[in-house]
Amino acid sequence: MKILNGAQLQLIDQLTIQRQGISSWELMERAALKAVEAMESDFGEGLQELPIVIICGKGNNGGDGLAIGRILGEQGYNVEVKLLHSENYSPDNLINQQKLGAKEMFTLDDDLKLPASGLLIDCLFGSGLHSELGISWVNIIRRINGFGGPVVSIDMPSGLLTDRLIDSGAPMVHADKVYTFQVPKLNLLLPAYGYAVGGFTVLDIGLDTQALDEAEGAYHYTVAEDVAGLLRPRSRFSHKGTFGHACLIGGSEGKMGAVVMSARASLRSGCGLLTAVVPQIGHPILQSTVPEAMLSVDSGKLQLEEFSNNGNFQAFGVGIGMGKGESTVRGFSKWMQDLKSQARIILDADALNILSEHADLLKFLPRQTILTPHPKELQRLIGEWSDDYEKIEMAKTFARAHGVILLIKGAHTAIIDEDGSCYFNSTGNPGMATGGSGDVLTGIICSLLAQGYVPLEAAKLGVFIHGLTADLAKEKFGEISMLPTDLIDFLPMAFEKLKPRSYLA
Ligand SMILES: NC(=O)C1=CN([C@@H]2O[C@H](COP(=O)(O)OP(=O)(O)OC[C@H]3O[C@@H](n4cnc5c(N)ncnc54)[C@H](O)[C@@H]3O)[C@@H](O)[C@H]2O)[C@H](O)CC1
Ligand SMILES: [K+]
């Protein structure tokens, strides 16, 4: 799914209206009906009990609010619509004013009266906002943010631009939930605005698919439909050799658990064979916890030294729990220099830290190596950024310069390809913020690489599945208690869910 901005959507609106032979008002009505349906599904029966207040602006976002107010009113909800006084309403806003009937007018200087609790629907500004809101908006936005019940925003939290940096002090609605139309907008996905976007749902309002396909942009949002088609069916005549031999290299004293988790995640993700290269201390641990894995025991006792690379492996996952002792750094550097240019590799954790401290090694990275840093590792690798936009640009520059696929891990993990394309993930939750989650991801992606998925597909599919395991684990254990080992346990269900018939039904 593409991520688009306000200007692109305006154009696609026009094309939709022309090609579908509908009026702009009809499109607005479709959007309003979708928003009502989504709120009814989220709030359930409880919505009937709540006083609902809708705050409308002068443009089409306000027009949506007026239509939502009318639809809710017709369905018997307890709804009150407040409309900002203006000299220049949009045409569809005016039509919906006439269709609504009763509404209360207010100005920015008014002391807006709101019910003590209930549901507030924010329709002041949507994707048509062209610059951050000035001081005159502080009063009204403060009132909305001080509301005693949930605040939901239609399309965008009012005050937040779709895809440009905005001063953190600028007035902006803090939405518990955003119902955004057709496609996500970049600012809904960035950590910088996490305080204003409690969550969001994308509502399909049937915009012209050809126009959506043709819209240009580097940003994408990976949803089930995007990755389900990537999953390869298994032939009846397949055997363990069909699904590749993955090699995980890592572990050190006190950190063997990382390799255990990675290895189990790899096997659960379908590779045919798995070898783990571990220091001697890891031998009994791996053999007893992951009997399916073969072992190649390093000459190093407590940490890796030798990095023996003798097998015929289709993919390597390196760095998990590895440490960066002197002999490990030496062995890793030698291993990197001996790599074949077409090798498929994912580097994580200490492998990335070593690269940050030994930038001369970057030139040995085979094309399309996948790097999976967490925020601190990313900063060591690409340097300090001043905001999310700069972070993305620096990540793109790094990916291009070294011909790699770079992940920015976190909520909506972003996958940056060397051509500058950027894929944000839709699955996952804060329950994943526990040491070990990354080891599981490395295992999944390494396994997919070994099975012959091209690196960008392996990264997109791996990140999506990893997040999906967490969404499934959340239902059973909740965000507080779920563990990385639970993610591994939910891999079978996640892969099953992603199979087109079950997930997309
Ligand atoms: N395809 C869709 O997604 C559809 C979206 N719809 C809704 O329409 C809005 C966008 O409507 P638009 O009229 O273009 O913009 P807004 O309502 O967000 O506000 C425009 C209004 O505000 C003025 N303005 C802009 N910036 C500022 C500012 N910094 N300070 C003060 N005033 C500002 C501007 O001049 C306009 O007058 C979209 O979000 C959806 O909610 C359709 O209903 C259906 C199709
Ligand atoms: K809004």
Side-chain angles (χ1 to χ4, degrees), residues 2-20 22-36 38 54-68 70-71 82-96 108 120-138 140-141 144-145 151-164 166-167 170-185 187-188 193 196-197 200 202-209 211-212 215:
K2 289 209 173 119
I3 294 170
L4 300 175
N5 62 30
Q8 288 174 304
L9 282 164
Q10 215 172 13
L11 192 72
I12 296 171
D13 271 12
Q14 292 312 314
L15 288 168
T16 303
I17 289 164
Q18 278 171 25
R19 291 177 184 167
Q20 296 182 4
I22 55 168
S23 66
S24 56
W25 177 83
E26 283 171 299
L27 185 58
M28 182 177 279
E29 193 69 2
R30 221 193 255 176
L33 280 165
K34 283 282 178 179
V36 169
I54 310 181
I55 313 287
C56 301
K58 65 177 182 169
N60 288 337
N61 195 251
D64 291 341
L66 294 162
I68 291 169
R70 168 172 37 83
I71 296 164
K82 295 183 191 285
L83 175 65
L84 180 64
H85 180 81
S86 170
E87 299 297 328
N88 54 345
Y89 292 109
S90 73
D92 290 326
N93 186 306
L94 284 169
I95 297 177
N96 277 334
L108 292 183
L120 188 148
I121 306 177
D122 152 44
C123 300
L124 270 179
F125 292 101
S127 58
L129 190 74
H130 50 60
S131 59
E132 56 195 31
L133 292 177
I135 189 112
S136 58
W137 294 88
V138 167
I140 168 89
I141 301 281
I144 294 175
N145 289 342
V151 172
V152 300
S153 289
I154 299 303
D155 210 21
M156 293 295 287
S158 298
L160 182 59
L161 295 163
T162 52
D163 67 343
R164 268 182 296 138
I166 178 168
D167 188 275
M172 191 191 300
V173 167
H174 297 177
D176 295 294
K177 175 89 189 249
V178 180
Y179 296 101
T180 201
F181 296 130
Q182 200 68 47
V183 293
K185 286 76 186 175
N187 276 345
L188 297 178
Y193 306 115
V197 185
F200 69 89
V202 180
L203 305 178
D204 183 352
I205 58 165
L207 292 185
D208 184 69
T209 44
L212 285 165

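One-based numbering, in listed order, for ligands and for the atoms of each. Bear in mind the structure is a predicted one, so any value in this text is a computation, not a measurement.
- Near F181, meaning under 4.0 Å from one of its heavy atoms, ligand 1 places the atoms 3 (O), 40 (C), 41 (O).
- The protein atom (non-hydrogen) at minimum distance from atom 39 (O) of ligand 1 is D155 OD2, 2.5 Å.
- Contacts with ligand 1 closer than 4.0 Å are made by no heavy atom of T16, backbone or side chain.
- Contacts with ligand 1 closer than 4.0 Å are made by side-chain heavy atoms of D13 only, the backbone lying farther away.
- Among all heavy-atom pairs drawn from N93 and G62, the shortest one is ND2-C, 3.7 Å.
- Close approach of ligand 1 to S127 is summarised as follows: ligand atoms under 4.0 Å from at least one heavy atom of the residue are 10 (C), 18 (O), 38 (C), 39 (O).
- Taking backbone and side chain together, G126 holds no N, O or S atom under 3.4 Å from the K ion (ligand 2).
- Atom numbering of ligand 1 starts at 1 in the shown order; those under 4.0 Å from a heavy atom of F125 are 18 (O), 19 (O), 22 (O), 23 (C), 24 (N), 31 (C), 32 (N), 33 (C).
- Residues passing the side-chain hydrogen bond (donor to acceptor under 3.5 Å, both in side chains) test with Q20 are R30, sequence neighbours excluded.
- Of the N or O atoms in N60, one or more lie within a sub-3.5 Å distance of an N or O in ligand 1.
- Distance check for G57 against the K ion (ligand 2): none of its N/O/S atoms falls below 3.4 Å.
- Of the polar atoms of H130, at least one N or O is found under 3.5 Å from an N or O of ligand 1, judged by distance alone.
- Look at N61 and the K ion (ligand 2): an N/O/S atom of the residue is under 3.4 Å from the metal.
- In this structure R19 satisfies the side-chain hydrogen bond (donor to acceptor under 3.5 Å, both in side chains) test together with D208, sequence neighbours excluded.
- Scanning L124, L4, D64 for the heavy atom closest to atom 40 (C) of ligand 1 points to D64.
- Side-chain N or O atoms of K185 include none that pairs as donor or acceptor with a backbone N or O of S127 at under 3.5 Å.
- Distance from atom 9 (C) of ligand 1 to its nearest protein heavy atom, with residue and atom name: N61 N, 3.7 Å.
- Counting the atoms of ligand 1 from 1 in the order shown, those under 4.0 Å from a heavy atom of L129 are 18 (O), 25 (C), 26 (N), 27 (C), 28 (C), 29 (N).
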